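One structure is given below, encoded as structure tokens.
Small disclaimer: the values here were computed from a predicted structure and weren't measured. Below, read A as the first sequence line, B as the second, and so on, with proteins coming before strands; counting in each chain starts at 1.
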Amino acid sequence: MTVRVRIAPSPTGNLHIGTARTAVFNWLYARRHGGQFILRIEDTDQERSKPEYTQNILKGLQWLGLNFDEGPFFQTQRLERYQAAVQQLLDHGHAYYCYVSEAELETLREAQKARGEAPRYDNRHRNLTPEQRAEFEAQGRRPVIRFKIEEPQEISWRDLVRGSVTWNSRDLGGDLVIARSAEAGVPGQPLYNLAVVVDDIDMGITQVIRGEDHVGNTPKQILLYQALGAKLPEFAHTPLILNAEGRKLSKRDGVTSISDFQALGFLPEALLNYMVLLGWSPPDAEELFTLSKAASQFDFERVNSAGARFDWTRLDWINSQYLHALAPAELADRLIPVWQAAGYGLDPVAERAWLEGIAALVGPSLARLPEAVAMASYLFVPEVELDAEAVAQLQQPGAQAALRALSESLAEFPELSAEAAGAWINRVTKAQGVKKGLVMRSLRAALTGAVHGPDLLQSAALLHQRGWLMQRLQQHLAPSAV
RNA sequence: GGCCCGUUCGUCUAGAGGCCUAGGACGCCGCCCUCUCACGGCGGUAGCACGAGUUCGAAUCUCGUACGGGCUACCA
């Protein structure tokens, strides 16, 4: 049987990293087994679902390169299917109308709590007579539809991640609401557990791969599969991504959506690599891998069952590794939009070589793309302001003389490559009889406005290419200094 | 409260009874490289939650305890 898996986000928020990680596991599993990966948008909560969230989810998956083979399917376009399933359950005596009001349920739960019992629906409307139903209808009460959960009974499954999991139906909270009460003229909307099961059956899903927070839904869904006479899929409940406090990562934790990570300057391949590592480990113990390599090795045997804390430091390291491995041309492609967004005037076509030079210069120091803005700022403006340390450097004994000598001998190096810049500095060092460090630190301060930064020789060469080198040198030559 | 699940360096993890004097990676610390900051290289630091049991032998199996998490809607 061919593998068919799915990711089923609800468009009630941006694509969350937890959802994306589940998507990756599904995608990897599908690729590993030559199966299909399906996208389904679970938008039955019409109050909270928004089209812009659907767009965000689609964009996020695309950015990550998690292409799906079928879909997106929308649950709101499948309402007849759910109604048919509900009707089937009703017809077969697996479901019934329940008229208990929310207030009555609340009272019930409070009483149970007061007695120290677990809150649950007591199935009180399971066997209503036609007269009782008529009475409630006459009162104008709108029923929900509940699915009968026979108690007690053991429900267990072999989870691909956690092994055998067993549940007793007594702990499921009583008969399950599968359709909301109808509004005037509008039939009751189907609820999550019903819709999921109907969809997974219709779409021929063979493995349900989802987060651990869904384990409690699984026994309910298994019962629904059985009542609908369908074959059970396999289940895999993956560990959760945790925040620094060890709790499930939620929107409240700040940066959690894929679009946020994109905006922060992470590369999709790095983020993917990191997400996969949060719970799965490759058999060869290599930390850095491509998705397609992971797909050739992916296996639930190697998925952890414990939750994993999200670690920014490690993500940064992985991102830096990907950034450092990029060729200057590729890096420039990613950096140019970032520089443009920062307001640097540049011509991506005419200045291509120069821009690639900058990319090559800052590349090895980068952990996130936007760092290249501040790091290369002195290469995008004709004049720089000195920071306090740079000012101090230029006041060092001999600094001004060195700069003067540098500017005077610059003409001897018309094609100032990084290598030639080295010769240039050596010549001045010798002529001045000072330490090379003094010359270089002073030159750095004058050219970049700071005492720390990327490689000085390359910087000088780049500034020279741009035609700013001499000007930059003289900008910081105090007329009175000797 | 109830149910389910989990627990190896600070963090992510390897480990399926002897290969473990518990391995790798991030971080951190030190050294090297170096005009600087990074990068890179080398080295160091640090862990099997606890207690019983099974066994010749347990990080690995069993039970209990503790701690942590998830779920407990007419949300998904």
Task: Comparing A:Q321 and A:L457 on RNA chain B - which has the more 5′ nearest nucleotide - done: A:L457
TODO: Would you mind telling me which residue lines up with the more 5' stretch of RNA chain B, A:V303 or A:F310, judged by nearest nucleotide?
DONE: A:F310
Task: Any donor-acceptor N/O pair under 3.5 Å between B:rC5 base and A:S305 side chain - done: no
For [N] and [X] - does any side-chain N or O of the residue sit under 4.0 Å from the phosphate oxygens OP1/OP2?
X: A:Q396; N: B:rC35; answer: no
X: A:S281; N: B:rA14; answer: yes
X: A:K248; N: B:rC71; answer: yes
X: A:T44; N: B:rA76; answer: yes
X: A:R247; N: B:rG70; answer: yes
X: A:N304; N: B:rA14; answer: yes

Sugar-phosphate, base or nothing in reach of [X], heavy atoms under 4.0 Å:
X: A:R309; result: sugar-phosphate
X: A:R302; result: sugar-phosphate
X: A:L191; result: sugar-phosphate
X: A:S10; result: sugar-phosphate
X: A:S442; result: nothing
X: A:E102; result: base
X: A:L240; result: sugar-phosphate

TODO: At under 4.0 Å between heavy atoms, which parts of nucleotides 59-67 of chain B does protein reach? Answer with one letter per nucleotide, 5' to 3': B base, S sugar-phosphate only, - none.
DONE: ---------
Between the protein and nucleotides 29-32 of chain B, are there any N/O to N/O pairs under 3.5 Å, and if so, what are the atom names and distances?
none

